[in-house]
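I have placed the structure first, in the form of structure tokens, so that the comments after it can refer back to it.
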Amino acid sequence: MERAAILHDSQKAMVFETGSNAVTIRVKSKHDDVVRAELLYSELNAKQAETGWQPAVSNMKIILKSNVTDYWSVTVQLPQTRRLQYAFHLIASSGEEYFYDSHKIEAYTADSLTHCGPFILPYTYPGAAFKQPAWTQNTLWYHILVDRFANGDPHLDPADVVEWGSTEPTATNFFGGDLQGIKDHLDQLVQLGVGGLILSPIFAAFSNHKYDAVDLYTIDPAFGKKETFKALVEDAHQHGMHLVVEMVLDHVMDFSLQWQDVKQKGTASPFFDWFLIDNLPLEYTITEQADFSPQISYRVNDNDPHQPKLNLLHPAVRQFLLDLVKYWVQTFDLDGIKLLDPAELDAGFLRELVTMVHRLKPTCCVLSETNNLTPALINEGSLDMAVDVDAAAIITNYFIAKKINVTEMVAALNDDMMKYPGSRHKNLLLQFDGPLTPRLLAQCNGDSQLARLILAFSYLLPTSPSLYYGTEVGLQGGEVPANRECLPWKASEQDQTMLRFVKVLGQFRQKYNLVLNEGSFDWGQISNKNDYLSFTRASNGKRIFALFNVGYGSIKFIFPPKSKLILSQNLVEDQNRIGHNGFVIVEA
């Protein structure tokens, strides 16, 4: 057995409370290296019998496996004291037996339990396990850039508005998209199966994207009035949707009233301590890029001298931001806020923010983009949900960039899922594009079959799929700002094949909600040589089987007895063969 591949981390996602009186424990091993794994456990008690530790034994099961690693898991009841000590008994494929505790991995002998150092699970408070709002599970999300979705009220258009879709999007042009336009098209979003709307910032700003708000308490006049926004939220709720708004809380723009006051008064300004100023005067080195400077006398976001960072340790700043979020959640009955760069926020402030939001509205969620720090933020309850950028990168690195093979993708996706305890991977949104990245079709070099294959793959995963507006009609803009084109509403300007496909995917996701949300996930056959993979989702006797072929040769597929075809692409039914970028999804 390869000891270096054995891993259990008692501080992270490998041990977690399940429900109110049970705990789930995981251990990782090299694929096919361990044939049986047992959890040895007992109540945590300093007094042990003279014969040594006498634990209970529970068999572990493999919950995820690849050609590289296996993940074992078991759920056991907590003792009355809610304190546990445990170790592992591992039987290798060679027949050797090993004992794994917090100190070592050694050959399993009669003395192993006499002088051991078990892993420890200290007292867990009843009800401390994470409880995700029910509506967020298995929700299909849809991310809207407001100025580019739909123009519902032309009277709001700014003076320099450009006719809808008449020209390429630029960093500065406006097309007149507004809140009324979103409200007018909720029925179309229902047809896609959308349950969660994410709106780009709606606050007053000079830009077309509004990420650089001037006044966070005011809706941009080009988007509409607060009455319109309130009506939009209410109408979305009536359509069975939940609405989330993006907010930037770690920095402000340099034309904000607070920063301008500091520029004028220096240390005499009451807002001086609101910012992270290294020295006076406030200055920076000018470069050819207006939004970049290598040397700045104050702390900023992303080397942009026009985005001074807020001092989130200052009580007045914290209260200002908490009051701001409270105003929008309470006044408009928001279902969530999406934060940019949560790792840039003080951890204490973030926890305070989430606690306040849950107190205001228990079903309200706080979500964000992900990075390598996000698992800790999710697992510690500092975030409710996050966009799983890591999973999206793993998937596109295989299907599009060809940087990894299918074996490596499967192993990486397993590791990504196992970063999160229990059902917390359901807190993740899988989105392949957005306002800051090229569209999925652009990443696929215009190959709509490949884009459809990737979407179908993502809808089958335990995470929640998320669409960037216009994906459903074939928009394919590249880098910013080309990826911010207007959504075409004329059928003749839409990719009707893609639109029908996305609608069918949404119907599939709704019909098989229980299997996709709660079901097991088991990888089937995979081939690096022929570039295909299969897997099964199953729950309560219902089973979904999927096979994806990325290879250039066709592969044979035998329909299981009494199976029902759900969705396919490039399937030659009379030959039961699946061609390049083809897939088949069946209920078996």
When you measure from the side chain of [X] to the backbone N and O of [Y], does any donor-acceptor pair fall under 3.5 Å?
| X | Y | answer |
| --- | --- | --- |
| Asn208 | Ala171 | yes |
| Asp291 | Asp304 | no |
| Thr228 | Gly224 | no |
| Arg452 | Phe501 | no |
| Ser368 | Leu339 | yes |
| Lys361 | Asp333 | yes |

Does Leu197 reach the side chain of Leu186, with side-chain heavy atoms less than 4.5 Å apart?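 A side-chain contact exists here, since the closest heavy-atom pair is under 4.5 Å.
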Where Asp335 and Trp135 come nearest, the two heavy atoms and their spacing: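 That closest heavy-atom pairing would be O-CZ2, 3.5 Å.
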So which heavy atom on Phe332 is nearest to which on Lys226, and how close?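 Smallest heavy-atom distance, with atoms named: CE2-O, 3.5 Å.
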If we check ring-ring contact (aromatic ring centres under 6.0 Å, His included) with Phe203, which of these qualifies: Trp328, Tyr217, Phe229, Tyr327?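 Exactly one pass, corresponding to Trp328.
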Which of these, Asp178, Asp235, Asp153, sits in a salt bridge (Lys or Arg N to Asp or Glu O under 4.0 Å) with Lys183?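 That would be Asp235; it is the only one of Asp178, Asp235, Asp153 passing the salt bridge (Lys or Arg N to Asp or Glu O under 4.0 Å) with Lys183.
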Does the plane of the ring in [X] sit parallel, tilted or perpendicular to the ring in [Y]? Use 30° and 60° as the thresholds.
| X | Y | value |
| --- | --- | --- |
| His242 | His237 | tilted |
| His314 | Trp274 | tilted |
| Trp489 | His185 | parallel |
| Tyr469 | Phe149 | perpendicular |

Under a 4.0 Å threshold between the charged nitrogen and the carboxylate oxygen, would [Y] count as salt-bridged to [X]?
| X | Y | value |
| --- | --- | --- |
| Asp9 | Arg26 | no |
| Glu479 | Arg484 | no |
| Glu472 | Lys503 | no |
| Arg537 | Glu518 | no |
| Arg318 | Glu352 | yes |

Identified side-chain hydrogen bond (donor to acceptor under 3.5 Å, both in side chains) counterpart of His251 within the set Gln307, His306, Arg299: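 The option that passes is Gln307.
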Could you tell me whether Lys326 atom NZ has more than 12 heavy atoms of other residues or ligands within 6.0 Å of it?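 No, not enclosed.
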Any chance the side chains of Ser207 and Asp212 put a donor and an acceptor closer than 3.5 Å?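 On atom types as modelled, these side chains qualify, holding a pair under 3.5 Å.
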